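Numbered from 1 within each chain, the chains take letters A, B, ... in sequence-line order. Hydrogens, waters and symmetry mates are skipped; everything else that's a heavy atom, side chains included, is used. In this text the structure is predicted, and so the values were computed from the model without any measurement.
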Amino acid sequence: MFHIYCPYCAEYREEEEFHPRGQAHIARPADPEATSDDAWGDYLFFRDNPRGVHHELWVHAVGCRKFFNITRDTRSYAILETYRMGERPTVTANGPEAVPSATATLTGALA
Amino acid sequence: MSKVVQFDPHPAQAAATQSPLHHVAAKPAVGETGVTLTERAFLDHLIVRGEPGVLAGAVEAVLGLELPTQPQRLARNETGSLQWLSPDEWLLIVAGGEGFRLQRELREALGEAHFSIVDVGGGQTLLELSGKHAVEVLMKSTVYDVDPRHFPVGKGVTSVFAKATAVIRRVDESRWELVVRRSFADYCLRWLLDAGEEYGIAHQPTQPAVASHRQTVTDTETVS
């Protein structure tokens, strides 16, 4: 039994209700036509695989069906915080500036 | 008023209608009845979506219900029930045949605002569990904590139910409602009959809510 706090339902819910959807805060290049193939490839296919603090996108699939973010430690699997789309993480590996801020608007649109 | 094509899902002339559980016959409890399972078929289910600030006034005016903006809340009155499903989504369940009228009134009250109302009544049905052992049957069926201390009257959640999903709501001290998908209704009913056997579960046949203009078709089999 493992519970995850959904920031929209405002309570801890069973893990079975959630699905992970990969790395969070991925910014779509503002001008795709002017983006190099390398940068576009990075955006589409390449993801971080850190040892330690990782920001992830999750969806409360059986429940409110909203996307939200989880900050998780990949060493211990501990969930350090959950926060809504468009919000900034308070727990980061290298301080808040470690996460690109331009992504907030993109992820907010998915909410 | 928004430019949306609307049609009354209930035709004026009698049309044959089948409940998703039309094929399951009544089953009395073995021994003392501890749980009663009833399907409330043919209710109108509407999904209302929009920002709470946009919807609250119209909902209050048309339904006389305060829009539940707190998570997992369920508001009820004689018109029907309105449940929070997500921060911009509510489930409105009213008597069969009332949905179209209320939908029109809501659309008129909301005017050009950004919202959506969808009739989902054909896709889901409502099961009611009552009796002193109803909560024990639910505890066997869902991962959600349905302990009465954690699940007061007027709460409703969407969660895993058996190997399907259901909206679980507590309408009063001993009555619980499950909103299940039409295609999962048979599975959920059979699960409940099996889970409730040890508590003496009785299944009553479908009770049409309001359907004077309907002709219901039943063709039952006994679940063993």
Side-chain angles (χ1 to χ4, degrees), chain A residues 1-22 24-26 28 55-72 77-91 99 101 103-111, chain B residues 47-52 67-74 82-91 114 116 118 120 123-124 138-152 154-170 178-181 183-184 187-188:
Chain A
M1 302 293 273
F2 166 43
H3 291 95
I4 296 173
Y5 185 83
C6 171
Y8 293 100
C9 293
E11 62 179 14
Y12 283 90
R13 301 288 282 263
E14 186 66 31
E15 176 218 9
E16 203 177 336
E17 298 181 5
F18 297 88
H19 280 299
R21 297 300 291 267
H25 303 294
I26 295 170
R28 188 175 196 268
H55 303 289
E56 294 171 345
L57 191 63
W58 284 62
V59 60
H60 192 183
V62 182
C64 62
R65 305 188 308 287
K66 293 288 179 202
F67 283 83
F68 63 99
N69 300 299
I70 288 183
T71 304
R72 200 170 62 89
Y77 303 130
I79 291 174
L80 305 172
E81 67 169 337
T82 63
Y83 52 102
R84 293 176 181 222
M85 302 310 290
E87 289 177 2
R88 312 290 307 142
T90 58
V91 182
V99 179
S101 62
T103 60
T105 50
L106 170 76
T107 51
L110 284 171
Chain B
I47 291 285
V48 184
R49 298 201 65 166
E51 290 296 322
L67 189 75
T69 50
Q70 292 296 312
Q72 0 280 2
R73 297 315 300 168
L74 170 69
L82 186 63
Q83 184 189 347
W84 183 99
L85 288 185
S86 93
D88 57 0
E89 183 174 359
W90 288 266
L91 172 64
H114 183 62
S116 118
V118 181
V120 294
Q124 55 196 35
L138 284 173
M139 281 172 182
K140 286 173 71 174
S141 310
T142 177
V143 293
Y144 194 81
D145 181 7
V146 291
D147 188 292
R149 286 168 296 182
H150 182 251
F151 209 124
K155 184 171 184 175
V157 299
T158 311
S159 190
V160 177
F161 181 85
K163 289 181 182 180
T165 64
V167 176
I168 303 164
R169 9 198 277 160
R170 189 165 182 213
L178 300 170
V179 181
V180 295
R181 295 282 177 188
S183 52
F184 281 105
Y187 166 74
C188 290

Margin query: Going by side-chain contact (heavy atoms from CB on, under 4.5 Å), B:V143 matches just one of A:H3, A:R13, A:E14. Which one?
Written below: A:E14
Checklist line | A:F2, CZ atom: more than 12 neighbouring heavy atoms under 6.0 Å | finding: yes
Notebook entry, point to check: About how many Å separate CG of B:L85 and CZ of A:R65, when rounded to the nearest 0.5 Å?
Noted result: 6.5 Å
Notebook entry, point to check: Should we count NE2 of B:H150 as having more than 12 external heavy atoms under 6.0 Å?
Noted result: yes
Note to self: Around atom CZ of B:R73, are there more than 12 heavy atoms from other residues, nucleotides or ligands closer than 6.0 Å?
What the structure shows: yes
Item checked: Closest heavy-atom pair and its distance - B:P71, A:Y8 -> CG-O, 3.5 Å
Next item on the list: Heavy-atom distances under 4.5 Å only: say whether B:E89 touches chain A with side chain, backbone, both or neither.
Entry: side chain
Note to self: Just verifying a value: how many Å separate B:S86 OG and A:K66 NZ, rounded to the nearest 0.5 Å?
What the structure shows: 4.0 Å
Next item on the list: Look at A:C6, A:A61, A:C64 and state which one has the largest set of heavy-atom pairs under 4.5 Å with chain B.
Entry: A:C64
Notebook entry, point to check: Does B:F184 CZ have over 12 foreign heavy atoms under 6.0 Å away?
Noted result: no
Margin query: Just verifying a value: how many Å separate A:E16 CD and B:T165 OG1, rounded to the nearest 0.5 Å?
Written below: 11.0 Å
